[in-house]
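Take a look at the structure below.
Here, residue 1 is the first one in the sequence, and each next residue gets the next number. One-based numbering, in listed order, for ligands and for the atoms of each.
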Amino acid sequence: MFISVEGPDYSGKTTQVAVIKDYYESIGKTVTVTREPGGTEIGMKIREILVQEDSLNDPLSVTEQLLLLYTARLHHVDKVIIPALKRGEVVISDRYIDSTYVYQGLIYNHKEAIDELLQVPTLKHLISRPDYTFYYDIDFDTVLTRMAARGVSNKLDEKYAKLKELPIDAFKHHFYELNKKDPGAIKIIDGCQDMQTVKESTLEVSKAVLEAFGDIRAPYLERVLEIKSWTW
Ligand code: TMP
């Protein structure tokens, strides 16, 4: 079973990834936790370029960002995600394709390029959605409160201040639309609640999706292996 966990910065998603992992391990599952960009050695090098690119004299274009993200994703899927799923593990990725739809697609206005760039046969499996996506929904006031509580001013905060509400609205728009189309796979969790309540919601959803997993007609792994079998 492949789960992606998504949300804006300060949504608390990374803390909840640990909650999901601990829960599945407590009931005897083997879990691989991974992240994007990152997840592999090459992925971490690409992550360094992407998170620092704002400070470059000549920053990357959005198309260039996408090509780097896709290089990292291709490597990540083939070297980490598919092998772990083949071993029967639960894979949890802290960010995956929805971050690309939101950041490069909605925020940086390259919506059309996202799937278009993946139309070549050897990349088509990267369009496949995970079995489930947990989205931590927060509002801008909660972000500001959490930023103030941490009392840190780093590059990300500067970027946030510049973008104002944009990422929050883009995430909301993207996930509320997706949830309308596929409520079974897209789980919206209220990330504004206190930590204990968010944790309880996460546990409830984690339990529910595991129970429902057997009913998915074509799980992620099956779909991806099928696409690969006719495109490679
Ligand atoms: P993180 O610190 O939550 O791991 O996120 C790293 C940054 O990477 C975050 O600002 C969002 C960005 N990102 C994209 O712009 N596009 C993507 O496809 C992914 C996965 C992340």
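Note on ring orientation: taking the six-membered ring where Trp is involved, the planes of F175 and Y135 are parallel (angle under 30°, cut-offs 30° and 60°).
Interface of T100 with ligand 1, defined as ligand atoms under 4.0 Å from a residue heavy atom, comprises 17 (C), 18 (O). Against a heavy-atom cut-off of under 4.0 Å, E36 is close to the following atoms of ligand 1: 20 (C).
Between the choices G39, P167, P37, the shortest heavy-atom distance to atom 8 (O) of ligand 1 belongs to P37.
Contacts between L69 and ligand 1 below 4.0 angstrom, taking non-hydrogen atoms only, involve the side chain exclusively. Contacts of R73 with ligand 1, taken as heavy-atom pairs under 4.0 Å, involve the side chain alone.
For ligand 1, the polar-atom distance check finds an N/O of R47 within less than 3.5 Å of one of the ligand's N/O atoms. Checked by distance only, ligand 1 and K13 come closer than 3.5 Å through their nitrogen or oxygen atoms. Taking distance alone, with nitrogen or oxygen atoms compared against 3.5 Å, Q104 approaches ligand 1 more closely than that limit.
Salt-bridge formation is not detected for the pair K21/D94: no Lys NZ or Arg NE/NH1/NH2 atom is positioned less than 4.0 Å from an Asp or Glu carboxylate oxygen. For the pair E177 and K180, the salt-bridge criterion is met [side-chain N within less than 4.0 Å of a carboxylate O].
Judged by the 6.0 Å and 45° rule, R129 forms no cation-pi pair with Y96.
In this structure, L126 and Y70 approach most closely via the heavy-atom pair CD1-O, 4.0 Å.
E41 CD: 12 or fewer foreign heavy atoms inside a 6.0 Å radius.
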